[in-house]
Amino acid sequence: MTALEPVETLHRHRHISDIDRHFAALVADFPGGEVPQVPLAAALASAHARAGHVCVALAEIAGSEWPREIAPSESAGPGVRLPGFAAWREELATSAVVAHLPSIGKGDAALVDAADPDQAGAETRPLVLDDAGRLYLARLWNREQAVAKSLLELAAKARAVPDGDRLPKVLSRLFGADPRNNRPRQAAEAALTRGLCCVSGGPGTGKTHAVAGMISALVELGLASFDSIALTAPTGKAAARLQEATRAALGKLPGKAGAAAEAVVTVNTVHRWLLQNEAERRLVKALVIDEVSMVDLRLMQQVLLALPAEARLILLGDAHQLSSVQPGSVFADVCAAAASQGSPLQPCFTPLQHNWRFDPDSGVGKLAVAVKEGNADQAMRALSPQEPQQEPPDIRLEALADNAAFDSLATEFADLHYAPMVERFRSGQGIDLTDDQSNPFRGFMTLCAHRAGGFGSRRFNELIEQALRARGLVPEDAEFYPGRPIIVTRNDSQTGLANGDSGIVVVDDQGARKVWFPELRDATGGAKLVAPSRLPAHESFFALTVHRSQGSEYDEVAVILGPERSRVNSRELLYTAVTRSRGKLVVYASEAALKAAIERKTQRWSGLQDATACA
């Protein structure tokens with residue numbers, strides 16, 4: 001057997017990609033990479049990184065037939081039998097291309113591919129094996145160890161607060177006098193007194209109320225100014241939502257805090273904040289990041305490197321939502337570590353559990369809890385009311401058997417939702433670009449689990465535009481027709497648009513076509529209008545993927561899951577989709593597909609939880 005034979009078998013049957021195969025071949029060319037177990041491990045480390053894992057848990061896959069879950073659905077043909085764990089680990093530990101290092105907190109773990117290549121003693125091996133049998137690409141090991149080290153340092157740093165009773169008095173006025181079972185107050189106290197604060201909770205559990213109180217307390221106690229508190233989110237859509245919600249929450253705070261609503265609260269994307277010059281970033285006293293579940297390992301490392309030494313880092317998110325597309329499940333790992341007894345992160349972590357938006361007996365509330373807990377039977381009961389009702393139920397399950405049914409649904413939605421929207425923007429009647437009520441992206445949204453394929457958002461969007469053309473609402477040669485919804489797919493500093501910003505084509509007072517971004521404002525505080533010729537990369541969207549919808553809320557949501565066998569459908573994806581709705585929800589799927597999604601819990605392999613669970 002040649003060193004690359006198992007790798008070639010996996011590549012030939014499309015179980016791994018070209019880049020995985022090339023990386024394995026590169027490793028095989030180095031001394032120490034000649035035995036098949038080493039390039040095979042390299043290929044799997046690369047493939048798992050593309051699937052969002054930070055490492056490969058060798059003990060989980062050793063001795064089995066591979067591929068398992070990671071294989072692309074369109075792949076065909078046999079896989080390979082992987083080596084047993086003990087023998088495989090021994091072969092890797094003794095190879096010259098693998099660095100065998102302990103984790104943070106378990107020894108002096110040197111960075112393998114240090115940012116400073118001249119650093120004395122820095123390792124330069126392409127793979128890392130840790131003492132728990134996790135195999136990493138060197139760059140991902142570096143990032144994980146750097147993030148763990150920075151988070152532990154932040155958690156250990158106390159932050160100065162005024163002496164005496166000023167702090168408890170301010171907290172009592174903002175959050176109530178009784179600190180017992182007052183989790184928003186506990187979160188605010190952690191944010192004020194520590195370098196790190198993590199707040200996890202689903203939609204409606206009070207994260208925005210908590211952060212508004214934190215901001216007000218920081219300013220009132222003289223620990224920061226509004227200008228020195230940076231509010232950020234991973235996407236433009238999430239940033240716009242945070243800005244709107246924070247301004248509203250500040251305005252509701254009691255006493256002096258109410259004046260905070262008059263302050264200009266501006267929210268940037270995390271990427272925009274990182275692009276600021278160093279002098280601007282040094283002024284930051286507190287950095288707030290919302291929707292942290294979307295932040296991958298690389299982005300978190302960049303944030304921690306850019307954070308001023310004495311600044312507070314406040315992380316808000318929902319640990320049960322989808323993780324980032326890129327490698328890492330940073331927020332879920334941090335929350336899991338903080339929940340363990342003895343973790344240095346424990347005093348920095350506050351889970352919010354009481355839901356102020358959803359009545360526990362509401363359809364969406366029941367379904368969200370059932371999905372989060374992995375209870376498929378309870379979810380089915382929530383979606384199938386037992387008693388006859390006068391009105392249509394707030395939530396329900398509708399069968400969607402095949403591609404033909406998907407096509408029919410697109411035609412139905414074109415007539416019911418999208419044709420009226422296009423007609424409204426064609427006529428311009430009732431459209432006021434200064435009025436939030438004209439925003440078409442708050443009422444109804446279709447969410448697809450998949451982007452590509454027969455049940456994907458891309459195909460759904462094409463079907464809608466075809467239906468609109470058939471009705472004469474969209475000319476054949478018109479690209480920027482009034483009422484066309486547009487989503488930006490790349491950050492652009494020239495226009496100030498970010499990946500995920502949503503706009504719609506309108507006709508301005510001079511009869512020119514512009515794209516209006518309802519959730520953004522221009523430099524003067526007016527409507528954000530951009531000429532089509534200036535738009536960065538973009539596409540139409542009548543439906544979004546569930547990933548794209550994170551950070552958004554809608555009055556009514558339609559969720560299209562797709563086939564039962566799809567690996568994309570998971571508990572985290574369905575929970576994320578369900579909690580986008582403020583009240584009405586229809587899930588289009590078979591019962592089998594729904595149950596399979598609830599029972600399929602996403603697993604992201606990393607060592608971050610272990611690295612931060614103990615000092």
Polar side-chain atom of R490 near backbone of A498 as donor-acceptor pair, under 3.5 Å: no

Under 3.5 Å donor-acceptor, T269 side chain and R272 backbone: yes

Gap between atom CG of D290 and atom CD1 of I314 - 0.5 Å precision: 11.5 Å

Donor + acceptor pair across side chains of Q550, E291 (<3.5 Å): no

Parallel, tilted or perpendicular: ring planes of F444 versus F413, cut at 30 and 60 degrees: perpendicular

Least distance between heavy atoms, T489 atom then H538 atom: OG1-N, 3.6 Å

Any side-chain donor near an acceptor of the partner, R183 and Q353, under 3.5 Å: yes

Residues D394, K584: salt bridge by 4.0 Å N-O rule: no

Test log, rule side chain to side chain donor-acceptor pair (under 3.5 Å), inputs S457 and T545: CA-CA 6 Å; S457 62; T545 61; 5.5 Å; no

L594 vs L574 side-chain heavy atoms within contact, under 4.5 Å: yes

Shortest non-hydrogen separation from S324 to R604 and the atoms involved: O-NH2, 2.6 Å

Backbone N/O of W605 and side chain of H53: donor-acceptor pair under 3.5 Å: yes

Derivation of the ring-ring contact (aromatic ring centres under 6.0 Å, His included) call for F441 and F541: CA-CA 11 Å; F441 305 132; F541 82 99; 5.3 Å; yes

Residue list, salt bridge (charged side-chain N to carboxylate O under 4.0 Å, His left out) with R459, at least two apart or on another chain: D407

Distance-only donor-acceptor check, side chains R548 and N499, under 3.5 Å: yes

E519/R241 salt bridge by N-O under 4.0 Å criterion: no

Residue pair V557 / A577: nearest heavy atoms and the distance that separates them: CG1-O, 4.2 Å

N182 (side chain) donor-acceptor with F175 (main chain) under 3.5 angstrom: yes

Straight-line distance of L573 CG to R567 CZ, nearest 0.5 Å: 13.0 Å

Residue pairs involving residues 316-346 (criterion ring-ring contact (aromatic ring centres under 6.0 Å, His included); sequence neighbours excluded): none

4.5 Å side-chain heavy-atom contact, E591 and L397: yes

Show me the donor-acceptor pairs, under 3.5 Å and distance only, between side chains in residues 200-207 and residues at least two apart or in other chains.
from : atom 1 : to   : atom 2 : distance (Å)
S200 : OG     : A319 : N      : 3.3
T205 : OG1    : G202 : N      : 3.4
T205 : OG1    : G202 : O      : 2.6
K207 : NZ     : G201 : O      : 2.7
K207 : NZ     : G202 : O      : 3.3

Salt bridge flag under 4.0 Å for residues E153 and K149: yes

Nearest heavy atoms of R312 and L307, plus distance in Å: O-CD1, 4.5 Å

Closest contact, heavy atoms only, G583 versus V364: O-CG2, 3.5 Å

Those residues that, when tested against R50, pass salt bridge (charged side-chain N to carboxylate O under 4.0 Å, His left out) (two or more places apart): D20

Between OH on residue Y136 and CG on residue L129, distance to nearest 0.5 Å: 10.0 Å

Any donor-acceptor pair under 3.5 Å from N268 side chain to W273 backbone: no

R580 vs L585 side-chain heavy atoms within contact, under 4.5 Å: no

Aromatic plane relationship, H15 with W66 - under 30° parallel, 30 to 60° tilted, over 60° perpendicular: perpendicular

Donor-acceptor pair, side chain of S590 and main chain of A593, under 3.5 angstrom: yes

Min side-chain heavy-atom separation C197-E189 under 4.5 Å: no

Side-chain (T579) to main-chain (T576) donor-acceptor, under 3.5 angstrom: yes

Results of salt bridge (charged side-chain N to carboxylate O under 4.0 Å, His left out) for E572 - residues two or more places apart only: K601

S343 to A338 - nearest heavy-atom pair and separation: OG-CA, 3.9 Å

Short side-chain donor-acceptor distance under 3.5 Å, D333 and S606: yes

For E398, all residues meeting side-chain hydrogen bond (donor to acceptor under 3.5 Å, both in side chains), sequence neighbours excluded: R396

